[in-house]
Amino acid sequence: MTAENMPSTQAKNTYDVIVVGGGPGGNSTAMFLHKKGYRVLLLDKAKYPRDKICGDAISGKSVGMLKELGIEHEMEKLDTAKVYGLVFSSPEGKMLEIPFPVKDGEGHTKARGYVCRRIVFDNFLFSHTKKMVDAKEEFQVTDLIWDNDTVVGVKGFDMNTKKEYEYKAKFVIGADGATSLVANKVGAEKVPDEHLCMATRVYYEGISGMTPNIEIHFIDSVMPGYFWIFPLENGKANVGLGMVSTDRQKKGVNLVAETERVIVEHPLFKERFKNAKKLTDVKGWTLPFGSFKRKLHGKGWFLVGDAASLVDPFSGEGVGNAMTSGKYVSEIIDEAFKTNNFMQEHLSQYDTRLWKEIGPELHTSYMLQKMGRHKWLLNMVIGKASRSKEVRDTISGMLVNEEARKSFISPMFYVKLLLA
Ligand SMILES: Cc1cc2nc3c(=O)[nH]c(=O)nc-3n(C[C@H](O)[C@H](O)[C@H](O)COP(=O)(O)OP(=O)(O)OC[C@H]3O[C@@H](n4cnc5c(N)ncnc54)[C@H](O)[C@@H]3O)c2cc1C
């Protein structure tokens, strides 16, 4: 970037970019921008380490982003569990174990991703961000600062000094999660209920029958959602369930009560939880699905992560897409400064390029979510796969390959299964 294209970065309380929110979306945005040489301020209302209600699954996509940031190897030092495959159960109770197809030199299944409590994972990200950019905890952003129709900064409250402050920047990034203040203030379209999911999380230890696999159980009462058990370090586990908001409303399900009921009463789980210890209360939070396309840019602002509504509508994964959006927004901002082009036409490239990258996958997942409403289909697929190694191998390949995953939404896949 040339000196004349740079804003007045040396002025006190003035930055190139302000990032609101220090989750995976905000931290990766700040780190990618720092690597490109920008002066960044990241603000979060929480004190770190802070919890985030989540399934804690850190997928291969998230690990890929950590690699690009140069911090992937440090995951090994954190308290995590490595994941080697998936276990599914069908609504009629058939179990299916599918190891990931990738093998190491000795023919053993290789791990793909981790389960890492977000209190650990986000603190890991935030501690790296803090080394690179100005980062303030316990700072609640309360409003945006406008110059006519352009966002030029934020106002907020520092919980330590108990004072209000203003910070200015060329761009403000809303990385402030599902209830984003930035998205609300810029008038972003509300995510409709049919594209929102409500989900719960509770930590346990000592559940019997745990394996190094992620468990996804399509149980009747929360269909087309699912109940999960994800292994954590030292015999702990992340347990929860989720449902699309409109389905939850229609069925009148109280998700916290249902989580507790499934654990105590469901025939597949009651024995497994009999001697397990509950470590936390059951808590719930919202997932804004990427089946809804929100406008992600405007004059002086961008949205990333949950604020941008990018969660996978089938798996419920949002960490990888939050980090991916951080990477893409940093590229657009870099180009804007380098070419001195802050026009809408250029900024809109963020939406275009991000959707080109993650749109097809989100579309496949949305189709799968719709198909998951058919109990007989899930019973058929899981039933056939539990009896046939060939079908299991096919599904295993499809789980790790995006192109192959599209077969899940092809009628021919199901016709072949019926004939198998
Ligand atoms: C029950 C549940 C299970 C899930 N399971 C998984 C899973 O297993 N794997 C997966 O990949 N995804 C999962 N997700 C989705 C995932 O949690 C989110 O997609 C991810 O956290 C999005 O990251 P983010 O950085 O956009 O937002 P967040 O992680 O929500 O971070 C937002 C940050 O903004 C801060 N903030 C908010 N408002 C302000 C303000 N006004 N001023 C200053 N700071 C502010 C908050 O303190 C917070 O630190 C799950 C979600 C839920 C609810």
Side-chain angles (χ1 to χ4, degrees), residues 1 6 9 15-44 46 48-50 52 54 56-83 100 102 104 110-137 169 171 173 175 233 302 304-306 308 310 317-338 350 353-354 356-358 361 400 402:
M1 91 206 69
M6 291 292 294
T9 54
Y15 291 83
D16 297 331
V17 181
I18 293 171
V19 179
V20 183
N27 280 304
S28 51
T29 304
M31 285 192 262
F32 277 119
L33 282 167
H34 165 79
K35 281 174 175 284
K36 294 180 192 303
Y38 293 95
R39 193 161 175 260
V40 179
L41 172 66
L42 183 141
L43 301 165
D44 200 295
Y48 284 75
R50 68 104 177 86
K52 157 78 177 80
C54 186
D56 301 332
I58 307 300
S59 66
K61 184 189 273 191
S62 309
V63 175
M65 286 294 120
L66 294 175
K67 217 178 237 171
E68 291 199 29
L69 288 165
I71 54 176
E72 181 228 1
H73 57 286
E74 294 188 34
M75 277 298 286
E76 297 289 331
K77 296 184 206 150
L78 305 180
D79 278 338
T80 64
K82 285 188 181 168
V83 178
F100 293 133
V102 199
D104 64 15
K110 258 170 89 172
R112 259 181 77 87
Y114 301 84
V115 186
C116 178
R117 285 171 298 130
R118 291 286 299 278
I119 194 167
V120 174
F121 184 69
D122 289 23
N123 194 49
F124 158 67
L125 295 177
F126 186 69
S127 62
H128 276 282
T129 299
K130 256 194 329 198
K131 287 185 213 152
M132 299 181 195
V133 308
D134 284 355
K136 284 184 193 295
E137 311 168 48
F171 291 109
I173 313 288
E233 77 283 0
F302 291 102
V304 302
D306 278 10
L310 301 178
E317 284 177 30
V319 172
N321 284 348
M323 297 182 79
T324 305
S325 58
K327 174 185 157 177
Y328 275 82
V329 85
S330 74
E331 288 174 1
I332 298 296
I333 289 175
D334 187 32
E335 287 170 22
F337 276 119
K338 279 183 173 153
Y350 167 54
R353 291 185 206 168
L354 180 65
K356 192 165 175 223
E357 169 74 24
I358 65 174
E361 184 186 323
V400 295
E402 183 45 37

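- Among residues at least two apart or in separate chains, salt bridge (Lys or Arg N to Asp or Glu O under 4.0 Å) pairs with a member in residues 322-332 are Glu68-Lys327.
- Residues satisfying the salt bridge (charged side-chain N to carboxylate O under 4.0 Å, His left out) criterion with Lys82, sequence neighbours excluded, are Glu76.
- For the ring pair (Phe, Tyr, Trp, His ring centres under 6.0 Å) test, residues two or more places apart in sequence or in another chain that qualify with Tyr350 are Phe302.
- Using a 4.5 Å heavy-atom threshold, the side chains of Val63 and Met75 count as separate.
- Here Lys61 pairs with Asn321, Glu361 under the side-chain hydrogen bond (donor to acceptor under 3.5 Å, both in side chains) rule; sequence neighbours left out.
- Proximity of a side-chain donor or acceptor of Tyr328 to a complementary backbone N or O of Glu357 within less than 3.5 Å is not detected.
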Determine all donor-acceptor pairs shorter than 3.5 Å in which one atom belongs to a side chain in residues 115-130; sequence neighbours excluded.
unit_1: Arg117; atom_1: NE; unit_2: Glu233; atom_2: OE2; d: 3.2
unit_1: Arg117; atom_1: NH2; unit_2: Glu233; atom_2: OE2; d: 2.9
unit_1: Arg118; atom_1: NE; unit_2: Asp122; atom_2: OD1; d: 2.8
unit_1: Arg118; atom_1: NE; unit_2: Asp122; atom_2: OD2; d: 3.4
unit_1: Arg118; atom_1: NH2; unit_2: Asp122; atom_2: OD2; d: 2.9
unit_1: Asp122; atom_1: OD2; unit_2: Arg50; atom_2: NH1; d: 2.8
unit_1: Asp122; atom_1: OD2; unit_2: Arg50; atom_2: NH2; d: 2.8
unit_1: Ser127; atom_1: OG; unit_2: Asn123; atom_2: O; d: 3.1
unit_1: Ser127; atom_1: OG; unit_2: Phe124; atom_2: O; d: 2.8
unit_1: His128; atom_1: NE2; unit_2: Glu74; atom_2: OE1; d: 2.9
unit_1: Thr129; atom_1: OG1; unit_2: Asn27; atom_2: OD1; d: 2.7
unit_1: Thr129; atom_1: OG1; unit_2: Leu125; atom_2: O; d: 3.1

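- Considering only residues two or more places apart in sequence or on other chains, Asp134 meets the side-chain hydrogen bond (donor to acceptor under 3.5 Å, both in side chains) condition with Tyr15.
- Annotation: Lys356, atom NZ; neighbour count of heavy atoms from other residues, nucleotides and ligands within 6.0 Å does not exceed 12.
- Every residue meeting the side-chain hydrogen bond (donor to acceptor under 3.5 Å, both in side chains) condition with Asp56, not counting sequence neighbours, appears here in chain and number order: Tyr203, Asn238.
- Side-chain contact between Val133 and Tyr38 is absent, with no heavy atoms from C-beta onward closer than 4.5 Å.
- Put simply, the side chain of Met323 reaches to within 4.5 Å of the side chain of Val319, judged on heavy atoms.
- With sequence neighbours left out, Glu72 forms a salt bridge (charged side-chain N to carboxylate O under 4.0 Å, His left out) with no residue at all.
- Checked against side-chain contact (heavy atoms from CB on, under 4.5 Å), Ser330 has the following partners two or more places apart in sequence or in another chain: Phe32, Leu33, Lys36.
- Evaluation of the side-chain hydrogen bond (donor to acceptor under 3.5 Å, both in side chains) rule for Glu137 yields no partner, not counting sequence neighbours.
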